[in-house]
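Note sheet for the following structure.
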Amino acid sequence: MKIRLPDITSVYFEDSCVDFASKTENGEVCVRFSLENDTLKPYISAKKPVRYLRLRWNEPLKHGVKVLGDAWERGYGDLEWRGIDPQRCMPWYFVTSNGSDLNENYEGRETSCFGVGVQPNALCFWQCDLAGVTLWLDIGNGTRGTDLGTRELECASIFFKEYKDQSAFSALKKFCSVMSPSPYTTDHVVYGSNNWYYAYGKSSHEQIISDTKFVKRLTQGCQNVPYMVIDDGWQPNPTDAPWDRGNERFPDMKRLCDEMKEIGVRPGIWVRYLINGKDDEPRKVDTFSEDVYLERNDCVLDPSHPRVLEYVAQTTKRIVDWGYQLIKHDFSTFDIFGKWGFELQDALTVGKWSFYDKTKTSAEIVKTFYKVIKDSSNGAVIIGCNAIGHLCAGLHQLNRTGDDTSGVEWQRTAKMGINTLAFRACQNNAFFGADADCVGIMGLVPWELNSKWLDILSRSGSALFVSCKPGILSAEQEKELSRAFEIASVQRDELIPLDWMETTRPQIYKINGERVEYNWYGEKGTESFNP
């Protein structure tokens, strides 16, 4: 399908809907389109709050294709090629392709890509059926309409691309660069250690120093300096504010950072910006006025409020002033919208609520939040964890592409890690540096399986982070880990999934042109059901 004006344009208000087949304005709303250089841009202005813009192209899709869509934020082991499902909601982009990438004779292959450019001003998802394609653009504010006032909103940049005689992966990789022509990346390779997947929040100054010495010892001679990332557990309250000091186990966060640098690593740290009290717990920071909290949840700070953005900037600057060179921010999408990405198909949130600033779309508000972090970081590396990839591309250097792996349960690592590594490898260095999450090593996952995850991550060309319980590895296993760090410290490898159109857990790849196969199953096979 070639890019063109839609056949039907629909505008949804809070209490009504209007359809346009040709003329796209009436007394309440005006939609206009710009079509230049194969890029379609819809613009909207309205006299009352607007909720959605729906664009429909009526043109039959071909039979015999499989369809791949993306996810709202992280993947949850659910990314997959499927047949045409008219009710399937596919955030940001989707792809149709015939044949199989296992067959390396690509003659006759046809792949069609439909997507929006990164950093749109709308939350976008696609639907496709045998009669055509639909794009929904959520231009609302929370679950209510956005009051645009007198301004005209540029909603998104829309692309349709067709690729012939090449693999679906090759086509999607190229299309990711169309959607994201100017990625924001680091000037050095990011890899190293994170203490979460063996400590799980129970850590200390001394333990971090021990972890730092361990990762430094295993990366001697590597071309790039590794990171040691302090995850949740350093602050006074678990997964909660404030972020201005450590707890009794972390008495001086600046001193800890200085000691880590002296050992020879780049220090990193975890933060959850928008929480201030959770569940039935009292608020931890009492200097805020009531209007800075979300209408949806009175323990979550509203990122559209100027005072909250100032607080986010102050928190970021404080952490950078302590000396930390990487900030991993977490829970942001969940805190703002109240749902994990897998819980809702056609929306990120439910209920009846809006932001403090009702003149901006939800997407604009989230982007501003990300930009404040970037602009306050003084060049520190930002990793979004539970960030919206299509909105943080160009604003974060790295992004967690999948949900948590595990140091306890192999099936979780296999589901979350392997799936997202394969299905979002196309985004690596096109949107941002992809982080498929850690190798958790604490003696509970068989080494024969964990070592395969370590191997493919190190050779993926993306970030490798390892959580390793002290003293648990044999000398031979330490050599394997050291070798993986050495490979990951340069990240010159190219990983291409081959059987990703046949399974949600691909095991056949091309790595630097060589066909490599991994068996992700122990002797018992999958153990996702355990009575």
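The analysis underlying the following values was restricted to heavy atoms, covering all of them including side chains, and did not include hydrogens, waters or symmetry mates.
Checking S462 against N428 by side-chain atom types alone, no donor-acceptor pair falls below 3.5 Å. Side chain to side chain, D330 and W270 meet the donor-acceptor criterion of an N or O pair below 3.5 Å. Counting only N and O atoms by type, the side chains of T39 and N37 include no donor and acceptor under 3.5 Å apart. Side chains of S100 and E502: a donor on one and an acceptor on the other come within 3.5 Å. A donor-acceptor pair shorter than 3.5 Å can be found between the side chains of T316 and Y273. T405 and T413 are not linked by any side-chain donor-acceptor pair at a separation below 3.5 angstrom, with hydrogens and angles left out of the test. Between the side chains of K367 and N121, at least one donor N or O lies within less than 3.5 Å of an accepting N or O. Side-chain atoms of Y184 and Q397 form a donor-acceptor pair, as typed in the model, at a separation below 3.5 Å. Under 3.5 Å, the side chains of T401 and T420 contain a donor-acceptor pair of N or O atoms.
For the pair M90/V67, a side-chain contact is recorded, criterion being any heavy-atom separation below 4.5 Å from C-beta on.
Shortest non-hydrogen contact noted between A380 and L326 is CB-N, 4.4 Å. Closest approach of F33 to L55, counting heavy atoms only: CZ-CD2, 3.8 Å. Looking at every heavy atom in both residues, G384 comes nearest to N399 through O-OD1, 3.0 Å. Considering all non-hydrogen atoms of both residues, G440 and Y197 come closest at CA-CB, 3.8 Å. Annotation for V366 and I388: closest pair CG1-CD1, 4.5 Å, computed over non-hydrogen atoms.
For an aromatic pair to be called close, the ring centres must be under 6.0 Å apart, and Y76 with W340 fails this. Within the 6.0 Å centre-distance limit, the rings of W72 and W92 are counted as a close aromatic pair. Checked against a 6.0 Å centroid threshold, the rings of Y518 and W453 do not count as neighbours. Aromatic rings from F169 and W500 are positioned such that their centres are separated by under 6.0 Å.
Note that CZ of F334 is 10.5 Å distant from CZ of R74, once rounded to the nearest 0.5 Å. Remark: N224 CG to S489 OG distance equals 6.0 Å, nearest 0.5 Å. If you take CG on D138 and CG on D346, they are separated by 10.0 Å, rounding to the nearest 0.5 Å.
More than 12 heavy atoms of other residues, nucleotides or ligands sit less than 6.0 Å from atom NZ of K452.
Checking Q166, E110, R109 one by one against S97, the side chain to side chain donor-acceptor pair (under 3.5 Å) holds for a single residue, R109.
Residues passing the salt bridge (charged side-chain N to carboxylate O under 4.0 Å, His left out) test with D493, sequence neighbours excluded: none. For E494, there are no salt bridge (charged side-chain N to carboxylate O under 4.0 Å, His left out) partners at least two apart in sequence or on another chain. W410 is linked by a ring pair (Phe, Tyr, Trp, His ring centres under 6.0 Å) to nothing, counting only residues two or more places apart in sequence or in another chain.
Between E486 and R492 no salt bridge is recorded (no basic side-chain N to carboxylate O distance below 4.0 Å). Taking a cutoff of 4.0 Å between a charged side-chain nitrogen and a carboxylate oxygen, R412 and D403 qualify as a salt bridge. Taking the charged nitrogens against the carboxylate oxygens, K41 and E154 do have a contact shorter than 4.0 Å, which makes a salt bridge.
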Trace of the salt bridge (Lys or Arg N to Asp or Glu O under 4.0 Å) decision for D435 with K328 | CA-CA 11 Å; D435 172 17; K328 174 185 174 184; over 6 Å; no
Report the C-alpha separation of S332 and N386 in whole Å, then their side-chain angles, then the decisive distance to 0.1 Å, and conclude whether the side chain to side chain donor-acceptor pair (under 3.5 Å) test is met.
-> CA-CA 6 Å; S332 298; N386 187 228; 5.9 Å; no
Please step through salt bridge (Lys or Arg N to Asp or Glu O under 4.0 Å) for the pair E59 and K2, ending with a clear verdict.
-> CA-CA 10 Å; E59 187 172 332; K2 301 294 185 182; over 6 Å; no
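Ring pair W136/Y12 is tilted by interplanar angle, where 30° to 60° counts as tilted.
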